[in-house]
Amino acid sequence: MNQPAENPNESEHKNFIEVEVERDFASKAALQGRSIQTRFPPEPNGYLHIGHAKSICLNFGLAQRYGGKCNLRFDDTNPSKESQEYVDSIMTDVRWLGFQWDGLYYASDYFQQLYDWAEQLVREGHAYVCDLNAEQMREYRGTLTEPGRNSPFRDRSVEENLDLLERMRRGEFPEGTRTLRAKIDMAAPNFNLRDPVLYRIMFSHHHRTGDDWCIYPMYDWAHGQSDSIEGITHSICTLEFENHRPLYDWFCKTLRIFHPRQIEFARLNLSYTVMSKRKLLQLVTEGQVSGWDDPRMPTISGLRRRGYTPESIRNFCETIGVARFNGTIDVLVLENAVRDHLNKIANRYMAILDPIKVTLTNYPEGQAEELEAVNNPEDPNAGHRALPFSRTFYIEREDFMENPPSKFFRLKPGGEVRLRYAYIIKCDEVRKDASGKIVELKCSYDPETRSGSGAASERKVKGTIHWVSASTAHCVEVRLYDRLFQSESPEEAAEGKTFLDNINPNSVTAITAVIEPALASLPSGTRVQFERNGYFCIDEKDSKPGEPVFNRIVTLRDSWAKIAAK
RNA sequence: UGCCCCGUGGUGUAAUUGGCAACACAAGGGAUUUUGGUUCCUUUAUUCUAGGUUCGAGUCCUAGCGGGGUAGCCA
């Protein structure tokens with residue numbers, strides 16, 4: 001139950017893509033006897049982000065739901081921006097999200113086939129070599145209201161085109177001097193049909209094909225045919241490719257090859273987040289963040305390092321749905337998804353982020369005892385642990401107020417609180433330093449109230465707070481992460497500013513926290529709840545054995561903050 | 001300015017292709033609670049506008065308004 005991502009067949013609502021897919025299989029002759037085939041087609045020019053996760057969940061989810069297959073295909077047609085590092089990171093991230101591709105392919109696998117098809121187009125009078133440079137081509141293309149004009153090279157003979165194309169491929173012409181273009185319609189209202197470029201000359205080293213090629217196919221010339229070769233039945237992509245669909249269809253039809261159906265959906269936008277690879281790259285290269293996997297980044301690697309679980313990301317993608325409306329999802333939805341999952345699986349511990357020392361004046365000096373704590377109230381199998389208790393310990397600074405409002409249920413002068421899993425204490429005295437800062441609380445405890453020790457211990461007080469015994473405490477680095485951007489729509493920068501000006505200057509705060517001993521020996525990557533505080537993950541990069549560094553994944557919901565704000 | 005797409009509670013998605021507008025999150029209220037967490041109950045609130053077709057329109061048609069995409073030898 002409550003694992004819709006794992007049991008997509010049980011989700012009640014079909015999204016519009018599923019509706020279309022079912023309709024296609026029910027009605028299209030070409031699909032009879034076939035099962036669905038999808039693909040996730042990233043360009044390896046950056047790291048995957050949460051928006052890609054939506055696409056991954058969609059494509060792999062469709063294949064799972066309908067018993068078909070999903071390939072991973074790298075759209076590696078522009079070697080000047082692509083690299084093996086990105087290929088590797090993408091495979092890591094897709095696997096981490098919990099998906100296994102059926103076929104692993106590269107558009108570059110199809111370079112020769114694509115070239116053969118280009119020759120076919122030329123032979124059939126559907127393509128020509130054009131000598132216009134980039135600027136001229138723009139002029140000839142026309143504008144939104146004016147049709148374009150035919151290139152002066154549009155009517156070259158088949159023989160000449162074949163010869164020129166071959167010589168382009170052999171490297172006889174400098175970069176930018178010639179292109180191969182489809183011969184469609186320079187007056188088409190859709191720009192993509194105004195004789196689009198198929199091949200450009202680029203003397204770039206390709207991460208897979210090396211220096212075999214010096215002409216590279218454009219996206220439009222590569223994508224649909226790659227889909228066709230792989231027998232993709234449904235080619236799912238984002239809305240900005242919608243205007244390309246007529247071209248996609250034109251290529252399949254003109255080449256007389258298997259014709260996948262392209263269906264577009266709205267890409268994910270998240271509040272307080274930027275989602276373009278270009279901008280994410282800029283954050284990385286300008287050192288605004290520590291790397292693609294900085295825990296503040298919306299990249300898969302960043303979310304992973306932050307402590308997000310694959311399940312929570314998949315559930316998030318399920319929650320937000322899919323449509324053709326271009327909206328923005330509140331980051332709260334993502335944060336809720338990880339809270340929801342972590343609540344079920346994360347063991348609880350006690351840690352003090354901003355300590356005040358407390359001394360129990362009536363607790364014998366030198367005495368110590370061990371209390372039993374529940375590891376996870378949501379998971380009976382998580383067991384118990386021993387919690388050391390003694391005369392001095394730390395509590396959270398914000399759990400004490402000298403002059404509290406009436407609804408404040410925590411410690412106050414003369415007031416009582418329950419120490420979680422321990423005793424009820426009363427604050428008798430407040431000690432301050434010269435500046436007026438509270439340095440220590442002198443309290444007394446009620447020995448009858450030890451948790452679980454019988455009827456007398458059942459006495460109720462309004463508040464329960466967490467604590468860490470001083471003698472056995474460890475000090476560790478904790479990084480408190482907040483949103484990377486302080487603006488809901490970071491891209492909407494004021495006049496003369498950029499999205500970088502919307503960066504939250506307090507998106508990370510490193511502090512030293514006091515933790516209970518059990519927390520000190522957990523392996524890297526472990527996710528825990530600091531009781532009453534939030535979920536934290538032991539950083540896999542910066543932690544050392546016995547010296548964990550904690551990343552705050554997300555805070556707990558805080559209804560006190562709402563009350564206090566009033 | 002041409003072309004294409006999209007407008008359903010605050011947000012995101014549904015609504016058996018014309019038949020009682022629903023779900024989740026958020027917000028408000030309450031219960032439970034040795035985490036002001038979790039859980040449970042509950043309240044508020046929705047079809048962009050104007051026409052048209054129809055017994056009946058969120059759904060179909062027309063116009064308007066609003067939003068997005070599009071003039072790379074990027075993907």
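To find a chain, count down the sequence lines: A is the first, B the second, and so on, and within it residues start at 1.
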Requested in this report: Treat a base pair as Watson-Crick or G-U wobble with both distances under 3.5 Å, then lay out RNA chain B in dot-bracket form, 5' to 3', with | for cross-strand pairs.
Outcome: .((((((..((((.....[..)))).(((((.......)))))....(((((..]....))))))))))).....
**Report entry** Closest nucleotide among B/rA26, B/rC4, B/rU34 to the A/Asn336 side chain
**Finding:** B/rA26
Report summary line: Testing B/rU1, B/rG36, B/rA75 for proximity to the side chain of A/Phe409, the answer is B/rG36
Query raised in the report: Less than 3.5 Å between a donor and an acceptor, one on the side chain of A/Ser451 and one on the base of B/rU34, is that the case here?
Result: yes
Using a 4.0 Å heavy-atom cut-off, does [X] contact any base of the nucleic acid, only the sugar-phosphate backbone, or nothing at all?
| X | value |
| --- | --- |
| A/Glu242 | sugar-phosphate |
| A/Ile424 | nothing |
| A/Arg418 | base |

Query raised in the report: Restricting to pairs with a member in residues 174-193 of chain A, which pass side-chain hydrogen bond (donor to acceptor under 3.5 Å, both in side chains), not counting sequence neighbours?
Result: A/Asp131-A/Arg178
Between the protein and nucleotides 37-43 of chain B, which nitrogen or oxygen pairs come in under 3.5 angstrom?
residue, atom, partner, partner atom, Å
B/rG37, OP1, A/Ser559, OG, 2.8
B/rG37, N2, A/Glu378, OE2, 3.0
B/rU38, OP1, A/Arg557, NH1, 2.2
B/rU38, O2', A/Asn343, ND2, 3.4
B/rU38, O2', A/Glu378, OE1, 3.2
B/rU38, O2', A/Glu378, OE2, 3.1

**Report entry** Chi class for B/rG69: syn within 90° of 0, otherwise anti
**Finding:** anti
Pull out every protein N or O sitting under 3.5 Å from an N or O of nucleotides 71-74 of chain B, one pair per line with the distance.
residue, atom, partner, partner atom, Å
B/rA71, O2', A/Arg141, NE, 3.3
B/rG72, OP2, A/Arg141, NH2, 2.7
B/rC73, OP1, A/Arg141, NH2, 3.4
B/rC73, OP2, A/Arg141, NH1, 3.1
B/rC73, N3, A/Gly176, O, 3.3
B/rC73, N4, A/Leu132, O, 2.6
B/rC73, N4, A/Ala134, N, 3.3
B/rC73, N4, A/Gly176, O, 3.0
B/rC74, OP2, A/Arg200, NE, 3.1
B/rC74, OP2, A/Arg200, NH2, 2.9
B/rC74, O3', A/Arg200, NH2, 3.1
B/rC74, O2', A/Asn78, ND2, 3.0

**Report entry** Rounded P spacing from B/rG7 to B/rU13 in Å
**Finding:** 9 Å
Query - Integer angstrom distance from the C1' of B/rA31 to that of B/rG36 - result: 15 Å
So which protein nitrogen or oxygen atoms get under 3.5 Å of nucleotides 10-12 of chain B's nitrogens or oxygens?
residue, atom, partner, partner atom, Å
B/rG12, OP1, A/Thr328, N, 3.4
B/rG12, O2', A/Ile320, O, 2.7

Query - Heavy atoms of other groups near A/Glu448 CD, more than 12 under 6.0 Å - result: no
Nearest-Å distance for atom pair [atom1]/[atom2], residues [X] and [N]:
| X | N | atom1 | atom2 | result |
| --- | --- | --- | --- | --- |
| A/Phe16 | B/rC5 | CZ | C1' | 11 Å |
| A/Leu387 | B/rU35 | CG | P | 15 Å |
| A/Glu516 | B/rU35 | CD | C1' | 13 Å |
| A/Leu239 | B/rG69 | CG | C1' | 7 Å |

Requested in this report: Heavy atoms only: give me the nearest A/Pro217-A/Thr77 pair and the separation to one decimal.
Outcome: O-CB, 3.3 Å
So which protein nitrogen or oxygen atoms get under 3.5 Å of nucleotides 29-32 of chain B's nitrogens or oxygens?
none

Query raised in the report: Is there a side-chain polar atom (N or O) of A/Lys14 under 4.0 Å from OP1 or OP2 of B/rU16?
Result: no
Query raised in the report: Are any of A/Lys277's side-chain N or O atoms less than 4.0 Å away from OP1 or OP2 of B/rA75?
Result: no
Query - Passing candidate, side-chain contact (heavy atoms from CB on, under 4.5 Å) with A/Arg39, options A/Ile236, A/Leu72, A/Asp75 - result: A/Ile236
